[in-house]
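Report on the following structure.
This structure is a prediction, so every number in the text was calculated from the model and none was measured. All ligand and atom numbering here is 1-based and tracks the order in the structure. Along the sequence shown, the residues carry numbers beginning at 1.
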Amino acid sequence: MSVIALNPCIACGACCAFYRASFYWTEAAPDAGGTVPPELTERLTPFMAVMKGTHSSKPRCICLQGNIGEQVHCNIYPQRASVCRDFNYSGQDGQPDERCEKARAAWGLPPLCPPSPVEPDQPIKPKAA
Ligand code: SF4
Ligand code: SF4
């Protein structure tokens, strides 16, 4: 089985339609070595750019294709900004990721790392006075 087949993001896309995807503006400046196509971004502040569609009360990145929770892909995947490359899915490094789970929950998707059930014989800590 390939690693790609195990990546839950291809059947999700929730974070790309939940968070503002902003980054230092040079990432969308080809003259400065940026890889993100500038026409797909807008300036947020003098120093920050944002993916079009994500600076909204109902965000959805202009580059997100497909149906959330079914099958999606990013049109600029190899050129995406650091904020996108650095976003881990929950469980990717063996730990739950709160941001991933929050975006999934907002789209009605189940958690990737459900909380562990409390062991029945686990002692209950007394509350601090
Ligand atoms: S919300 Fe999590 S699982 Fe969904 S696309 Fe983003 S990182 Fe991947
Ligand atoms: S550029 Fe790609 S990975 Fe980044 S928010 Fe848009 S669709 Fe998601």
message = Contact between Cys74 and Ile76 at the side-chain level, heavy atoms closer than 4.5 Å - yes or no?
response = yes
query = Should Cys100 and Cys15 count as side-chain neighbours, where that means a heavy-atom distance under 4.5 Å?
reply = no
message = Would you say that Glu42 contacts Val50 through its side chain, given a criterion of any heavy-atom pair below 4.5 Å between the two side chains?
response = yes
request  = Output the list of atoms in ligand 1 that are nearer than 4.0 Å to some heavy atom of Phe87, sorted by atom number.
outcome  = 7 (S)
ask   = Tell me, which protein N/O/S atoms are under 2.8 Å away from atom 8 (Fe) of ligand 2?
value = Cys16 SG
task = Give a yes/no verdict on whether any heavy atom in Leu112 is under 4.0 Å from an atom of ligand 1.
result = yes
task = List in chain and number order the residues that pass ring-ring contact (aromatic ring centres under 6.0 Å, His included) with Phe23, two or more places apart in sequence or in another chain; answer none if no residue qualifies.
result = none
request  = Determine, stepwise, if the pair Glu27 / Thr35 fulfils side chain to side chain donor-acceptor pair (under 3.5 Å).
outcome  = CA-CA 6 Å; Glu27 291 194 50; Thr35 59; 5.7 Å; no
inquiry  = If you define the side chain from C-beta out and look only at heavy atoms, does anything of Arg20 sit under 4.5 Å from Pro59?
reply    = no
query = Identify the closest protein heavy atom to atom 2 (Fe) of ligand 1: which residue and atom is it, and at what distance?
reply = Cys100 SG, 2.3 Å
ask   = Taking the inter-plane angle between the rings of Tyr24 and Phe47 on a 0 to 90° scale, is it parallel (under 30°), tilted (30 to 60°) or perpendicular (over 60°)?
value = parallel
request  = Please report which non-hydrogen protein atom sits nearest to atom 8 (Fe) of ligand 1, along with the residue it belongs to and the distance in Å to one decimal place.
outcome  = Cys9 SG, 2.3 Å
ask   = Does Leu40 reach the side chain of Lys52, with side-chain heavy atoms less than 4.5 Å apart?
value = no
query = Counting each atom of ligand 1 from 1 as listed, which ones have a heavy atom of Cys12 under 4.0 Å away?
reply = 1 (S), 3 (S), 4 (Fe), 5 (S)
